[in-house]
Protein chains: 4
Amino acid sequence: MSTQRVIVVGASGYSGGVLARLLASHPHLTLHAATSDARAGKNVGRELGFRSDVCFVKNGEALRAAETCDVAFLATPAEVSASLGPELHAAGKTVVDLSGAFRLATGDDVRAHYKFSHPHEDRLGKTRYGLPEMFGAPEKGALVANPGCYPTPTLLGLGPLVKAGLVSPSGIVVDAKSGTTGAGRQSKEEHSFAEVAENLRAYKLLSHQHEPEISQKLAAYAGTAVTGLVFTPHLLPVRRGLLTTSYVRPVAGADTAKLEACLRDTYAGSLFVEIVAPEEVTLASVTGTNMCRLGVVSRGDVAIVVGAIDNLVKGAAGQALQNVNLALGFDEGCGLVGLQRSAA
Amino acid sequence: MSTQRVIVVGASGYSGGVLARLLASHPHLTLHAATSDARAGKNVGRELGFRSDVCFVKNGEALRAAETCDVAFLATPAEVSASLGPELHAAGKTVVDLSGAFRLATGDDVRAHYKFSHPHEDRLGKTRYGLPEMFGAPEKGALVANPGCYPTPTLLGLGPLVKAGLVSPSGIVVDAKSGTTGAGRQSKEEHSFAEVAENLRAYKLLSHQHEPEISQKLAAYAGTAVTGLVFTPHLLPVRRGLLTTSYVRPVAGADTAKLEACLRDTYAGSLFVEIVAPEEVTLASVTGTNMCRLGVVSRGDVAIVVGAIDNLVKGAAGQALQNVNLALGFDEGCGLVGLQRSAA
Amino acid sequence: MSTQRVIVVGASGYSGGVLARLLASHPHLTLHAATSDARAGKNVGRELGFRSDVCFVKNGEALRAAETCDVAFLATPAEVSASLGPELHAAGKTVVDLSGAFRLATGDDVRAHYKFSHPHEDRLGKTRYGLPEMFGAPEKGALVANPGCYPTPTLLGLGPLVKAGLVSPSGIVVDAKSGTTGAGRQSKEEHSFAEVAENLRAYKLLSHQHEPEISQKLAAYAGTAVTGLVFTPHLLPVRRGLLTTSYVRPVAGADTAKLEACLRDTYAGSLFVEIVAPEEVTLASVTGTNMCRLGVVSRGDVAIVVGAIDNLVKGAAGQALQNVNLALGFDEGCGLVGLQRSAA
Amino acid sequence: MSTQRVIVVGASGYSGGVLARLLASHPHLTLHAATSDARAGKNVGRELGFRSDVCFVKNGEALRAAETCDVAFLATPAEVSASLGPELHAAGKTVVDLSGAFRLATGDDVRAHYKFSHPHEDRLGKTRYGLPEMFGAPEKGALVANPGCYPTPTLLGLGPLVKAGLVSPSGIVVDAKSGTTGAGRQSKEEHSFAEVAENLRAYKLLSHQHEPEISQKLAAYAGTAVTGLVFTPHLLPVRRGLLTTSYVRPVAGADTAKLEACLRDTYAGSLFVEIVAPEEVTLASVTGTNMCRLGVVSRGDVAIVVGAIDNLVKGAAGQALQNVNLALGFDEGCGLVGLQRSAA
């Protein structure tokens with residue numbers, strides 16, 4: 001199988017960096033170009049910790065640099081991706097956008113949650129959502145909206161249960177906790193070690209942009225209206241890893257065994273989703289890898305679904321690579337199976 | 001005012017240690033005796049980091065050592081406290097029990113959640129619950145059940161809202177996160193640094209003993225049945241500090257302003273409860289101190305109440321001391337106001 | 001004893017904040033004014049976590065605001081302190097400067113290590129160095145150069161041994177490790193949680209400004225030339241706390257017992273220096289307090305002196321307060337004894 | 001190339017676990033057996049986080065289980081390895097021992113530092129020391145003493161400089177800092193999160209078993225006596241990673257450029273040693289990988305060599321695998337190049 005050439009646009013953030021390092025070990029994909037205003041002119045490998053002949057070019061040169069590439073990953077702000085994604089797509093590339101530019105249903109959603117007017121509103125609600133375990137494999141040449149970090153384990157856990165009618169689609173509570181890399185590379189005092197260590201806080205209460213993403217995609221997958229979902233993110237004193245604790249109302253008879261069986265059946269052939277006891281859904285068991293761990297327990301009147309991923313792998317770069325593997329016909333786990341977990 | 005003599009039974013755990021150090025700076029209380037099997041014979045101050053003439057005696061000598069004391073703090077396992085508390089109380093001491101021995105309503109509750117048969121079932125449901133902002137000041141000579149760490153900020157936040165009829169008492173979700181000292185001094189591998197750092201996990205799902213404590217005390221305070229409450233604790237990679245995120249259903253018209261006003265009114269004269277914006281309810285703002293921070297926000301269909309304390313101070317030793325201050329007629333904040341927070 | 005009025009200039013940094021909070025509990029000192037450009041107009045207590053009527057004024061108003069004060073603490077950059085310190089001193093205040101402006105011996109030293117031309121070179125080498133255990137109590141009305149964080153435990157450990165002729169003053173190696181608050185309040189990416197956690201690095205090798213401070217003050221105290229001292233700081237993934245490991249050559253016969261006895265004798269009456277086994281010199285035993293722990297061990301050809309402090313307390317704000325307590329004739333430990341350690 | 005069968009004896013510790021996970025992705029080696037008393041009967045992959053058909057057997061069955069294996073890794077206590085290593089070696093296996101059983105020169109050394117009488121004293125001082133960048137590739141069928149974690153970066157940094165006569169072999173100071181997994185899987189209170197987080201302490205001052213290992217191997221490599229070396233380990237609040245700061249006396253003219261050139265020349269063709277500026281020698285740049293980063297700086301009278309590795313990879317499991325790759329004629333980096341770093 002011939003090697004495909006890849007560009008990473010915005011490769012100086014955490015997701016872009018993880019992606020570039022994953023590509024360095026991929027047998028069928030070659031990092032051919034990378035952009036970063038801050039690091040323009042510098043060697044990509046030297047900056048990111050592997051061997052490479054590629055040097056960063058300015059973000060403004062992305063389109064030109066992409067000309068000789070087959071695949072483009074956009075690790076750019078949503079407003080940049082909103083323009084650049086369709087341009088690269090029109091040029092025939094397989095494009096995976098790691099931003100939120102194409103995840104929501106309408107231009108109003110984008111205005112409300114990302115604070116800009118989308119230049120391609122017609123694509124909203126139609127762009128392939130790159131959560132392949134639920135929404136299938138993208139096609140070669142597709143523009144793919146890579147899911148948000150919080151929605152990934154939330155949807156993987158809730159989707160099958162709502163779709164099977166085992167839990168109510170209304171009044172779902174999603175309490176989520178993420179490591180600091182979820183906020184990207186930061187030079188704000190509030191993200192300094194002295195402020196984050198030994199600390200915890202909720203943020204963006206009732207106003208996080210991943211709440212409509214979860215509600216809309218859950219509804220789309222389950223084929224039902226999802227109402228009253230509430231989502232609260234918390235900032236954890238860890239670097240990588242994200243855990244979601246979701247509270248749902250099971251229907252009569254939906255005990256732990258039934259809910260767990262539903263999840264096991266759904267992900268029986270999955271490389272990257274593993275069903276375990278809820279207490280075994282830990283950050284340490286997944287960070288460094290592309291795995292999502294899920295666990296569920298029911299009390300009759302309420303059920304709890306716990307999910308965990310590495311926000312930079314299954315929640316960003318790893319899932320993006322999984323989407324390209326599928327789109328180009330490689331093994332789904334190529335470059336992703338065998339990643340060593342960070343914990344000892 | 002004359003100095004009162006104090007015994008701390010079980011002073012080698014974290015709560016007992018914090019308590020002994022707080023007593024070392026208290027103007028009206030003197031640490032007169034302390035027990036610990038592991039440290040018997042050793043100087044209390046040398047072991048715990050202050051100056052003292054007291055040496056630890058064995059736990060079995062607690063009753064004898066207490067004879068010359070006015071106040072007894074029990075930082076002992078619930079099964080030990082269940083016997084020892086009434087004995088010391090009968091001997092005329094003011095007793096504050098930091099365990100769960102006297103918090104629940106019935107002997108069945110104790111059997112179910114603490115796994116032993118209570119020798120003084122008649123006292124259950126009648127023992128003073130030492131959350132003074134909600135249940136008032138204990139009397140001199142009382143036996144006081146010091147609240148659990150998780151129930152403290154949960155009840156302080158939810159109690160006034162439920163009592164005022166502003167939120168529904170049914171279907172409450174309490175998602176809680178605590179530092180590792182909440183589990184006490186540990187020599188288990190699962191509490192080793194290598195297992196806890198950069199990690200997060202839920203534990204005791206649907207089975208934590210603080211769930212009935214929260215439900216029963218919330219009902220008692222609000223004068224209403226509390227049904228379907230679910231409580232999930234998570235183990236945080238921090239040493240001290242505990243944050244609870246509670247989800248409730250507000251009644252019509254109960255917007256953020258109304259809920260916040262209810263909390264502000266309730267705690268207007270309180271030394272140790274502070275109402276702030278929910279994003280300002282952080283571990284770093286309270287650890288090291290006896291403060292509880294609360295914040296609330298409402299979306300109409302759901303409201304979120306966030307609370308934070310230091311699990312070893314307002315969640316254990318500090319609250320115990322606050323109870324004794326009140327019982328003996330000292331200033332409520334004696335030895336507790338002016339504690340420096342651990343964060344910079 | 002009447003209350004003295006205090007101004008803290010530059011109270012929005014970590015040292016200034018800790019100082020303001022310590023003052024809030026001090027029986028003889030009252031925070032009367034505080035400056036901060038970033039927080040001008042805001043209530044000091046609300047920002048820093050205590051109750052106060054004082055509002056921040058701009059740094060430029062420091063001189064005017066200080067008029068009605070008896071004591072001034074300068075938590076300002078060295079270049080600012082270099083001018084402001086003598087002005088406030090000339091106005092009769094007792095001034096403690098927490099910067100490095102007056103610690104080094106000559107204007108060339110300041111140019112080399114702090115990169116500015118000192119406006120009061122004549123004071124260099126003559127200003128009171130505020131390490132009272134070694135250099136005695138400052139006088140009322142003095143201008144005091146509060147020691148650097150790294151020099152504090154290094155000098156307390158090495159000073160008596162060099163002065164007694166028990167170890168060689170040449171070729172000393174000081175390997176030091178500090179928490180991130182030692183670098184002040186930071187909004188740089190390199191101090192973000194994601195970059196500091198689970199990490200360690202040496203910095204400013206052979207070029208840190210505390211190296212000449214250590215060499216000069218060690219020589220001054222011991223009355224001997226100090227040559228070839230090398231100092232390497234490392235950035236620890238902790239918030240507060242600083243540990244120094246110093247390697248020296250003992251003279252013949254200087255075994256562990258002799259070295260330890262020398263330290264014990266020197267600090268026999270000291271409130272804030274404690275001699276323990278080297279393995280007991282830990283950050284956790286001192287953070288939150290004004291204590292310095294020291295330990296020493298000798299192998300005959302080499303001896304190791306380990307020291308630990310809280311960089312923000314004994315290494316900055318606490319020591320500054322200790323200097324003022326002594327200068328104004330209060331108990332040395334006023335507001336400093338009884339501080340609770342942050343560890344459980 | 002045919003697949004070689006591997007046994008990991010003692011696979012339930014951290015090093016053994018990392019090794020088993022690395023083997024799971026190795027193209028030419030297959031985990032065929034693994035022993036662990038604690039996990040006997042359980043599936044290896046299920047316990048350690050990968051897919052496998054192998055179940056743990058008891059440690060006592062190691063010899064039998066090894067019969068059908070070509071390669072044995074011993075992640076066992078030194079006293080166990082001392083017997084088991086020669087037995088497996090005599091049976092024709094390629095054996096890599098991760099313990100200290102065969103690293104020191106004499107039986108007296110082992111008695112002094114490992115507290116047991118070595119059953120194979122004749123092998124001491126003759127066993128292949130598995131630091132291939134300095135001591136070359138082991139042969140197939142060899143018994144290899146895999147280096148200690150602390151000696152690895154210390155020797156890689158100091159060896160070439162001492163051998164080239166650029167720095168003095170006497171009076172070397174090695175100040176080292178390691179994450180907690182260096183101490184192995186722990187259930188001691190002193191390794192609990194609450195005791196290690198936000199803390200730092202030196203331990204085993206003047207008595208760590210890695211000190212003679214460093215002195216002896218440095219002397220052997222450089223062909224010179226090494227005298228007066230002192231080594232102090234510190235326990236860092238990180239999970240993985242180890243940094244050494246070594247202080248040496250350069251000969252006249254040995255400036256930074258000369259020292260750095262010596263290291264660059266020595267490791268010009270090395271896959272796993274990288275020479276960078278000392279400030280770039282960080283835990284975050286190496287954890288998760290088999291890399292050792294080194295940096296050096298000279299002041300004329302003193303030079304500082306900084307080194308960093310992941311203690312579980314280049315300091316244990318990764319280096320063990322590198323040794324087997326070389327012994328069996330595979331690419332040196334097989335299964336080790338392309339490991340993703342843990343940091344973002």
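Protein chains get the first letters and strands the later ones, always in sequence-line order, with residue 1 at the start of each.
Put simply, the side chain of C:D175 reaches to within 4.5 Å of the side chain of D:K177, judged on heavy atoms. Using a 4.5 Å heavy-atom threshold, the side chains of C:V306 and D:L205 count as touching. No side-chain heavy atom of D:T287 sits less than 4.5 Å from a side-chain heavy atom of C:E198.
Interface check for chain D: of the options C:G171, C:G228, C:G179, the most heavy-atom pairs under 4.5 Å are formed by C:G228. The candidate with the highest count of non-hydrogen atom pairs below 4.5 Å against chain D, out of C:V302, C:D301, C:T245, is C:T245. The most heavy-atom pairs under 4.5 Å with chain D, out of C:V196, C:T282, C:L200, come from C:L200. Of the residues considered (C:V297, C:T227, C:V230), C:V230 shows the highest number of contacts with chain D, using heavy-atom pairs under 4.5 Å.
In terms of heavy atoms, D:N199 sits closest to C:V238 at N-CG1, 3.9 Å. In this structure, D:V174 and C:Y247 approach most closely via the heavy-atom pair O-OH, 4.1 Å. Closest approach of D:E211 to C:R299, counting heavy atoms only: OE2-NH1, 2.8 Å.
The contact between D:L236 and chain C is made entirely by side chain atoms (from C-beta outward), counting heavy-atom distances below 4.5 Å. Within the 4.5 angstrom heavy-atom criterion, only side-chain atoms of C:I304, from C-beta onward, approach chain D. Contact of D:L242 with chain C is not made at all, since no heavy-atom distance falls under 4.5 Å. Looking at D:S342, neither its backbone nor its side chain comes within 4.5 Å of chain C, counting heavy atoms on both sides. Both the backbone and the side chain of D:A284 come within contact range of chain C, each with at least one heavy atom under 4.5 Å from a heavy atom of that chain. In this structure, chain C has a heavy atom under 4.5 Å from the side chain of D:V173, while its backbone stays farther away.
Side chain of C:R201 to main chain of D:L243: no donor-acceptor pair is present (N/O by atom type, distance under 3.5 Å, no hydrogens or angles).
Between C:H234 atom NE2 and D:H234 atom NE2 the span is 9.5 Å, to the nearest 0.5 Å.
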